[in-house]
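Heavy atoms only: backbone and side chains are in, while hydrogens, waters and symmetry mates are out.
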Amino acid sequence: VSAKSARAFILLCAIVYFTSYLTRNSYNAVISEITTALGTTADETGLIGTCAFLTYGIGQIICGIIGDKISPRYLILSGIGATTVCNIVMPFLNGRIVLMTVLWGINGFAQAMFWPPLVRMMAEHLSKDEYNRAVVSVTTASSIGNILLYLVSPLCISLSGWQLVFYITGS
C-alpha cells in the first residue's frame with residue numbers, strides 16, 4: 001500500500017467512525033430536551049439509552065465473532081444503513097417509549113458493527129506504524145464527532161426541536 005493510499009484509507013476509516021459517533025450519541029445529546037418536550041420521566045428516557053448501551057456491548061462480542069467470518073465492508077455498510085434508519089425514524093416515534101427503546105436498542109447493535117471490522121481492515125491493510133496512526137486518527141475523529149454533535153444540538157433544538165438532530169445525523 002502506497003503512503004498516499006494509506007492516508008486515504010485512514011481518512012476514510014476516520015470519517016466512518018466520526019459518523020458512527022454522530023449517530024450513536026444523537027440521543028444522548030438531546031435526552032433532556034426529549035424528556036421535557038414529551039413530558040416523560042427521566043427513568044423512561046434513561047431506559048432508552050440504557051438499552052442502546054446494553055445492545056452495543058453485546059453487539060461488540062457478536063460482531064467481533066461475525067467480523068472474523070464475513071467481509072468487514074459488509075458489516076460496516078450494514079451498520080451504517082441500520083443506524084441511518086434508526087436516526088431518521090426516531091423522531092416519528094414521538095413519545096412511544098417502548099418503540100423508542102426497541103429502535104434505539106437496534107441502533108446500539110448497529111453501532112457495534114463499526115469498530116471490530118474497522119480494526120480488522122486497518123490491521124490487514126496497514127503497516128504497524130500506519131495502523132498506529134490510523135487508531136489515533138479514528139479515535140480523534142470520534143471525539144471531534146462528539147464535540148460537534150454537542151455544539152450543534154442546542155442550535156437544532158432552538159431552530160426546530162430535538163427531532164432535527166436525528167434528521168441531520170441520519171442523513
Side-chain angles (χ1 to χ4, degrees), residues 10-64 66-67 75-119 134-171:
I10 291 168
L11 177 62
L12 182 60
C13 290
I15 290 168
V16 166
Y17 217 55
F18 170 88
T19 303
S20 80
Y21 264 68
L22 293 179
T23 56
R24 178 185 313 170
N25 294 320
S26 52
Y27 180 78
N28 297 337
V30 296
I31 189 172
S32 62
E33 180 64 22
I34 290 173
T35 303
T36 301
L38 299 180
T40 58
T41 67
D43 288 345
E44 290 171 321
T45 51
L47 178 64
I48 295 167
T50 300
C51 182
F53 179 76
L54 290 173
T55 57
Y56 175 72
I58 293 165
Q60 285 287 333
I61 296 165
I62 294 169
C63 291
I66 292 171
L75 207 52
I76 291 170
L77 288 173
S78 298
I80 289 171
T83 194
T84 297
V85 169
C86 289
N87 273 266
I88 291 171
V89 170
M90 190 66 154
F92 293 103
L93 300 181
N94 219 4
R96 292 182 226 123
I97 298 299
V98 171
L99 292 178
M100 291 173 83
T101 303
V102 169
L103 182 69
W104 216 241
I106 293 168
N107 189 57
F109 191 86
Q111 292 297 323
M113 295 179 182
F114 289 96
W115 187 246
L118 271 177
V119 170
V135 169
V136 171
S137 296
V138 167
T139 55
T140 300
S142 68
S143 296
I144 292 169
N146 251 352
I147 292 166
L148 180 65
L149 180 64
Y150 279 90
L151 288 174
V152 172
S153 292
L155 178 63
C156 291
I157 291 168
S158 67
L159 290 175
S160 180
W162 61 268
Q163 298 90 339
L164 183 58
V165 172
F166 290 98
Y167 296 136
I168 290 172
T169 58
S171 44

Using side-chain heavy atoms (C-beta onward) and a distance below 4.5 Å, is V16 in contact with L118? yes
Closest non-hydrogen atom pair between G105 and C51, with its separation: CA-SG, 3.7 Å
On a heavy-atom basis, the closest approach of A82 and A110 is CB-CB, 3.6 Å
As an exercise, state the distance from CG of N87 to CG of L22, rounded to the nearest 0.5 Å. 9.0 Å
What donor-acceptor contacts under 3.5 angstrom involve side-chain atoms of residues 93-102, with partners at least two apart or in another chain?
unit_1 : atom_1 : unit_2 : atom_2 : d
T101   : OG1    : I97    : O      : 2.7

Restricting to non-hydrogen atoms, name the atom on P117 and the atom on L75 that form the minimum distance, rounded to 0.1 Å. CG-CD2, 3.9 Å
Just verifying a value: how many Å separate E44 CD and T35 OG1, rounded to the nearest 0.5 Å? 9.0 Å
Decide yes or no on side chain to side chain contact (heavy atoms under 4.5 Å, CB included) for T169 and M90, but give the supporting numbers first. CA-CA 11 Å; T169 58; M90 190 66 154; over 6 Å; no
Scanning both residues in full, the closest heavy-atom pair of S142 with Y17 reads CB-CD2, 3.7 Å
For C86 and L103, work out which heavy atoms get closest and say how close. O-CD2, 3.4 Å
Spell out, as yes or no, whether a donor-acceptor pair under 3.5 Å connects the side chain of T45 to the backbone of T41. yes
All N/O donor-acceptor pairs, side-chain side in residues 147-165, below 3.5 Å, sequence neighbours left out:
unit_1 : atom_1 : unit_2 : atom_2 : d
S153   : OG     : L149   : O      : 2.7
S158   : OG     : P154   : O      : 3.3
S158   : OG     : L155   : O      : 2.9

Aromatic rings F166 and W104: how do their planes relate, parallel, tilted or perpendicular, breaks at 30° and 60°? perpendicular
Separation between CG of N107 and CG of N25, rounded to the nearest 0.5 Å: 9.5 Å
Straight-line distance of S143 OG to Y21 OH, nearest 0.5 Å: 7.5 Å
Should we count OH of Y167 as having more than 12 external heavy atoms under 6.0 Å? yes
Which residues pass the side chain to side chain donor-acceptor pair (under 3.5 Å) test with T23, not counting sequence neighbours? T83, Q111
Rounded to the nearest 0.5 Å, what's the gap from CZ on R24 to OH on Y56? Could you check? 3.5 Å
What distance do S78 atom OG and F114 atom CZ have between them, rounded to the nearest 0.5 Å? 10.0 Å
Locate the shortest heavy-atom distance separating A14 from V138; write the atom from each residue and the value. N-CG2, 3.8 Å
